[in-house]
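In this chain, residues are counted from 1 in sequence order.
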Amino acid sequence: MRKLMVATLLAGATVATPALAQDANPTFTGPRVEAILGYDRTGAGSDVDNDNGHDDQKIDGLLYGVGAGYDVNLGSAVVGVEGEYTDSTAKSSRNDFSDQFGFGRVKQGRDLYIGARAGILANPATLVYVKGGYTNTKLDVLAGDTNQETDANFKLDGWRIGAGVERAINANTFAKVEYRYSKYDSAHIDYMDGATSSEFDIDTDRHQVVASVGWRF
């Protein structure tokens, strides 16, 4: 009887183990949400937006926000769509007027992004991908001698590209690191009285290195 029970348990374990492994196998498929944190830098592009000779003018700070997306696993490849809402602590200094990169004293405001990504599976739990899409950001104008926002802001339109690595922790949770470059080439001003300027050309660059932790449904 004891031998029969042992044989039965071993047979059950043999059947259950592959099923458990299959259920826990990351799929990289379906909807996902994530928290985003990283380094953010915005500055003058290659065609300088100012006339004071500071080609490397910039503001930098901490980027934070949330993202969501939907992926489809095609076998060895994954494609998907995604969107983000982020904000940043980057702002111009009151004491250094060389960091204004053509916009005066500003604070980096909210950023909206929508785009797509495509990648290949380096192994069943690791996705290497590239991404690209549309980005719209806001620069909040600061009073000249304080950090107070004036209720005027610049709205910038542009495009974003990037690349990253996503690692499945298990079938539902993941972590990833990513580099993104954004180019803004047009903008308008929203004034304090509610008026809006016409569109004008700009050349503003943005670099970000971020880490994310998320949940896949």
Review point. Can a donor-acceptor pair be found between the side chains of Thr196 and Asp190 at a distance below 3.5 Å?
Key: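 The answer is yes; a qualifying pair exists.
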**Study point:** Tyr64-Ser88 side chain donor-acceptor pair, cut-off 3.5 Å
**Key:**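 No donor-acceptor contact under 3.5 Å links the two side chains.
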Less than 4.5 Å apart, any side-chain heavy atom of [X] and any of [Y]?
X: Val177; Y: Val210; value: no
X: Thr42; Y: Gln57; value: no
X: Glu84; Y: Arg180; value: yes
X: Lys91; Y: Ile59; value: no
X: Arg117; Y: Glu82; value: yes
X: Thr204; Y: Phe103; value: yes
X: Val78; Y: Tyr129; value: no
X: Arg105; Y: Val141; value: no

Taking atom [atom1] of [X] and atom [atom2] of [Y], what is their separation to the nearest 0.5 Å?
X: Asn153; Y: Lys107; atom1: CG; atom2: NZ; result: 11.5 Å
X: Glu199; Y: Asp185; atom1: CD; atom2: CG; result: 9.5 Å
X: Asp40; Y: Asp87; atom1: CG; atom2: CG; result: 9.5 Å
X: Glu34; Y: Leu37; atom1: CD; atom2: CG; result: 12.0 Å
X: Phe154; Y: Ser197; atom1: CZ; atom2: OG; result: 8.5 Å
X: Thr135; Y: Leu112; atom1: OG1; atom2: CG; result: 7.5 Å

Exercise for review: Please determine if Lys155 and Asp157 form a salt bridge, counting it only when a charged side-chain N lies under 4.0 Å from a carboxylate O.
Suggested key: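 Salt bridge between Lys155 and Asp157, a charged N being under 4.0 Å from a carboxylate O: no.
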Review point. Ion pair present between Lys138 and Asp140, side-chain N to carboxylate O less than 4.0 angstrom?
Key: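 Between Asp140 and Lys138 there is a salt bridge, with a charged N closer than 4.0 Å to a carboxylate O.
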Check your understanding: Has Arg216 got its NZ or CZ under 6.0 Å from the middle of the six-membered ring of Phe174, at an angle within 45 degrees of the ring axis?
Key ->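 Positive - Arg216 is close enough to the ring of Phe174 and near enough to its axis.
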Has the side chain of [X] got a donor or acceptor atom that lies under 3.5 Å from a matching backbone atom of [Y]?
X: Thr137; Y: Arg110; value: yes
X: Ser92; Y: Val106; value: yes
X: Tyr113; Y: Gly132; value: yes
X: Asn73; Y: Thr27; value: yes

Of the non-hydrogen atoms in [X] and [Y], which two are nearest, and what is the gap between them?
X: Ala90; Y: Gly61; value: CB-N, 3.7 Å
X: Thr29; Y: Val72; value: OG1-C, 4.1 Å
X: Ile36; Y: Ser212; value: CG1-OG, 3.6 Å
X: Asp60; Y: Lys58; value: OD2-NZ, 3.6 Å
X: Gly75; Y: Leu121; value: O-CD1, 3.3 Å
X: Leu62; Y: Gly38; value: CD1-O, 3.4 Å

Review point. Given Arg206 and Asp111, is the salt bridge (charged side-chain N to carboxylate O under 4.0 Å, His left out) satisfied, shown in steps?
Key: CA-CA 11 Å; Arg206 193 173 189 182; Asp111 182 87; 3.1 Å; yes
With hydrophobic residues grouped by side-chain heavy-atom distances under 4.5 Å, do [X] and [Y] end up in a single group?
X: Leu139; Y: Ile202; result: yes
X: Phe28; Y: Tyr70; result: no
X: Phe200; Y: Tyr191; result: yes
X: Val79; Y: Val81; result: yes

Exercise for review: Apply side chain to side chain donor-acceptor pair (under 3.5 Å) to the pair Asp205 and Tyr181, showing each step before the final yes or no.
Suggested key: CA-CA 7 Å; Asp205 291 344; Tyr181 166 75; 3.0 Å; yes
Review point. How far apart are the C-alpha atoms of Tyr39 and His207, what are their side-chain angles, what is the distance that settles it, and do they pass the side chain to side chain donor-acceptor pair (under 3.5 Å) test?
Key: CA-CA 8 Å; Tyr39 171 74; His207 300 272; over 6 Å; no
Point to revise | side-chain contact (heavy atoms from CB on, under 4.5 Å) evaluation trace for Glu178 with Lys131 | key: CA-CA 10 Å; Glu178 186 176 287; Lys131 62 184 291 177; 2.9 Å; yes
Practice item. Go through Lys183 and Asp203 one step at a time and tell me if the side-chain contact (heavy atoms from CB on, under 4.5 Å) criterion holds. Key: CA-CA 7 Å; Lys183 167 65 75 175; Asp203 180 23; 2.4 Å; yes
Check your understanding: Arg94 and Asp145: salt bridge (charged side-chain N to carboxylate O under 4.0 Å, His left out), yes or no, with the steps?
Key -> CA-CA 6 Å; Arg94 287 184 294 175; Asp145 59 351; over 6 Å; no
